Structures are given as C-alpha cells and as structure tokens.
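Remarks on the structure that follows.
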Amino acid sequence: MAILLSHATAATMTKGYGLIDDAAVVCDGAQILWVGQMYELPQTYRSLPEQDCQGRLVTPGLIDCHSHIVFGGHRAAEFEMRLNGASYEEVARAGGGILSTVTATRAASEADLLASALARADLMIAAGATTIEVKSGYGLTVLDELKMLRVARQIGEHRPVQVQTTHLAAHAIPPEYKENPDAYIDQVAIPSLHAAYAEELIDTVDAFCEGIAFSPAQVQRLFDVARAMGLQIKLHAEQLSDLKGAVLAANMGALSCDHVEYIGPDGVEAMARAGSVAVILPGAFYTLRETQMPPIAAFRAAGVPMAVATDFNPGSSPVASLPLAMNMACTLFRMTPLEALQGTTTHAARALGLTDRGQIAPGLRADLCIWDATHPAELSYRIGATPLHARIFGGQIDA
Ligand code: DI6
Ligand code: FE
C-alpha cells in the first residue's frame, strides 16, 4: 500500500543533511517512490492516504551497525561491585566479566535468549532504529555460536526491524582454550563459521583483535577463510591498544574497523585507501571511562567515512539508544551533529555493505523516522531523550 508523508522537514542525507522544507515523501510498499517539495508533488500522488507531518523532521530510519544484543544475564551486579571498590580481579574471581556472560549465554535456551534480545531490540526500535546489526560471540562453542546466530536471525521475524547478523566467535578466549587461542581459532572459530555459513546464518564476519583477545595473525587466519567464502569482514580494532588490526583488516577490504581509539596514522591511511568505515562507539568509551579518543580529525581529513553505533552489550556498553550514542559522539569526540546523523544513516549502511538504505531517495527502502524535532541537530543535542514521533518500516507506519 502506498502512503504520502506530507509537510515534512526532510533530511534526505543525500548531500550533507539534504534538507527539504515542506517536503512530501511517497512510499509505495517497501520502497520510496518520490521525494521533493509539496508544491511539486505530482497530482497522481495527492489522493494517497496521507500522514501529515506538520513540519516535523523526517530522516532515514536509523541504522545501528554494531551491537551485541543476544546474551544471557546482565552485569549490573559487577557494575555495583566495582563502584563499591572491588578490583577487576575481585570481579573476575566472583565470576564477573565477559566470561560470566558466556556462562549465562551457554546456559540459556534459544527461547530465553530470544525473549531478552527482543526486549533490547524494542528499546532500539523505540529510539528510531529500523536496521540493526547483531553479533554472536558469547557462546564460544560451535553449538552456542550457532544458537546465538539463530536467535539473531529470528529477531527480524518478530519485530519490524531488519537484522544483519555477524559471526563473532573470535570475540574472547573461553577458559577451556585459555592456553591455546590458536586451537580455539581452528577448533571453534573456523568450524562455527563454516557451519553458520552453511545454515545461511551470517551476513558478515568480525573478530576482536586485542591483547586480551586475538592477535592479528589469528584474525588473519579466520578472515582468510571468510574471504574465501565470499563473506565481507569487519574488525573490533585498536580499542585498547594499537596492534595494527585496522591495517590488516583494511588491506583485506574490510567494510569497517570499529572502536579504533588507538589507531595510528598508518591505520587511518589504510582505511582511507580501502574505503573502510570507521565505526565510532562512544558508549564503550564512556562506560570504560577511557581517555584515548578516536582520531576524528584524522578520519575527517583522510576522508574516512565515520559511522556511530551503540555497541549495545552487557559489559562495556549497556546502551540501546542511537540518539544517545550520537550525543556522546558529539560531546565526547567532537563529531558534528551532521557527522553523527550520517553515522547512523548513510555511513552505517555502508559499514554493513547495504546500498538500499541510509538516505531518502527514490528506489531506496521506505524506512523512515518522523521526529518531534524541526532541525536534525536536535537529535544529537538532546541527552537521553527519545524524540521519535513515528517510525515507518518497509513502508508501514508503526501502530
Ligand atoms: N569490545 C567491547 O567493548 C565488548 N566486546 C568487545 O570486543 C565487551 C564485551 C563484554 O564485556 O561483554
Ligand atoms: Fe563490540
């Protein structure tokens, strides 16, 4: 069914904000058919069922290109322990940290994981997301990684949101492989990649390249397999130190390098050459009280597109709201409100390898947000507000 959004302030994101005052957007089924000024609206569209936006801002539906919303349990108890003075080691000894999430995820049934993931997806949707990327990485056995990916795939069957799934078995080294991460790559990461691919459970492949996780050589072995399968890659790179993961990933044609607080000039240059997107994740920076900022000015100067995402996860970024992540990107990292909105629309689409969304233009997906705002900078300016007025997903307005 076709609908007409009338009297909108449209931020088409086609060139800068691509603002159109008193705009009309025509959606035909799941596609955008026409966008322009009201007075130019062809006569044939004037009789369509109309949603009068009354001057409200309309943007492309927001795209969260980096999240980990499938997991068991949560980590509020360790958050409280730390604030009561417990050391990192005491938290770990009490069963806290990422491995506590692995234990809880392994113990959870597919139905339980789905129920909690849907509740998190609802928060993301309520803040304006229409596409979300969801990673595995808390199972760390072949079966548990597949379980996570099946749950991730099901989210989109239960909610009006498109889900892109990412294989992230190389997220952490489980206790049983503590002394032998190479064996983990061979016995879990690569076999689960083959199995997930065979079940058509994955769109992209990711890894965590860090001193506390996997080395560039281990990441490369996994990515060689992924590339041979024709899968696109992305990497958690340079979050806590500069292991040159971004250089490696960019040279292998990565869609994105994510976090990148500690990236050096060589990494920025490699990303610019490869056209990789820098995915900026201020929620983790904030939660971990990091001080090393990603080199926003260097990315800007080199023409590296920047995306902004929530990194929603139970440990380092328990945040579901893209507008809040945009606010943090501006205030903590000095990104501009335009960059922040590009980061959750056009550049986020690119970080996922999606060419059919992220802007308001004929032929693209009819995923749109109508905001209780009149200028796009308001989305980044407000703190913790959810100014979403209505959302359109695949041409359907949310009930
Ligand atoms: N970087 C992070 O900040 C999260 N994963 C990653 O690779 C942390 C995940 C967690 O603590 O549960
Ligand atoms: Fe992450």
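Whatever order the structure lists ligands and atoms in, that order sets their numbers, starting from 1. Bear in mind the structure is a predicted one, so any value in this text is a computation, not a measurement. FYI, side chains are in, hydrogens and waters are out, and symmetry mates aren't considered; it's all heavy atoms of this structure.
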Cation-aromatic face contact Arg365/Phe393, 6.0 Å, 45 degrees:
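Flagged: Arg365 positioned over aromatic ring of Phe393.
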Taking atom 10 (C) of ligand 1 as the point of reference, which of Tyr138, Phe71, Phe208 owns the nearest heavy atom?
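Among Tyr138, Phe71, Phe208, the closest heavy atom to atom 10 (C) of ligand 1 comes from Tyr138.
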Which option, Gly97, Pro318, Ser316, owns the non-hydrogen atom nearest atom 4 (C) of ligand 1?
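Among Gly97, Pro318, Ser316, the closest heavy atom to atom 4 (C) of ligand 1 belongs to Ser316.
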Can you give the angle His236 NE2 - the Fe ion (ligand 2) - His66 NE2, rounded to 10°?
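It rounds to 90°.
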Would you mind checking if [Y] and [X] are paired as a salt bridge, meaning a charged N to carboxylate O distance below 4.0 Å?
X      : Y      : result
Asp224 : Arg221 : no
Glu238 : Lys244 : no
Arg391 : Asp398 : yes

Taking distance alone, with no angle check, do Thr101 and ligand 1 share an N/O pair under 3.5 Å?
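No, Thr101 has no N/O under 3.5 Å of an N/O on ligand 1.
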So is His68 polar-close to ligand 1, meaning N/O to N/O under 3.5 Å?
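No, since none of the N or O atoms of His68 sits under 3.5 Å from an N or O of ligand 1.
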Can you name the one residue among Asp203, Asp64, Asp206, Asp311 that meets salt bridge (charged side-chain N to carboxylate O under 4.0 Å, His left out) with Lys135?
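For Lys135, the salt bridge (charged side-chain N to carboxylate O under 4.0 Å, His left out) check succeeds only for Asp206.
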Against heavy atoms of Arg75, which atoms of ligand 1 measure under 4.0 Å?
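Contacts of ligand 1 toward Arg75, numbered from 1: 10 (C), 11 (O), 12 (O).
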Examine all N, O or S atoms of His68, backbone included, and report whether one is under 2.8 Å from the Fe ion (ligand 2).
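Under 2.8 Å: His68 contacts the Fe ion (ligand 2) through an N, O or S atom.
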Just wondering, is there an N, O or S atom on Asp258 that's nearer than 2.8 Å to the Fe ion (ligand 2)?
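No N, O or S atom of Asp258 is closer than 2.8 Å to the Fe ion (ligand 2), so no.
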Specify side chain, backbone, both or neither for Glu210, according to which of its non-hydrogen atoms lie closer than 4.0 Å to ligand 1.
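Answer for Glu210: neither.
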May I ask you to identify the nearest protein heavy atom to atom 6 (C) of ligand 1, giving residue, atom name and distance to one decimal place in Å?
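Heavy-atom neighbour on the protein nearest atom 6 (C) of ligand 1: His171 NE2, 3.4 Å.
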Closest approach of any protein heavy atom to atom 1 (N) of ligand 1, naming residue and atom:
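The closest heavy atom on the protein side is Gln239 OE1, 2.9 Å.
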Verdict with reasoning, Phe285 to His259, per ring-ring contact (aromatic ring centres under 6.0 Å, His included)
CA-CA 9 Å; Phe285 177 93; His259 288 287; over 10 Å; no
Option from Val219, Leu222, Leu235 for which side-chain contact (heavy atoms from CB on, under 4.5 Å) with Phe214 holds
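Per the side-chain contact (heavy atoms from CB on, under 4.5 Å) rule, the option paired with Phe214 is Val219, out of Val219, Leu222, Leu235.
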Which of the N/O/S atoms in Asp311 sits closest to the Fe ion (ligand 2)?
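That would be atom OD1.
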Going through the checks in order, is the salt bridge (charged side-chain N to carboxylate O under 4.0 Å, His left out) test met by Arg300 and Glu339?
CA-CA 10 Å; Arg300 199 181 275 145; Glu339 288 169 333; 2.7 Å; yes
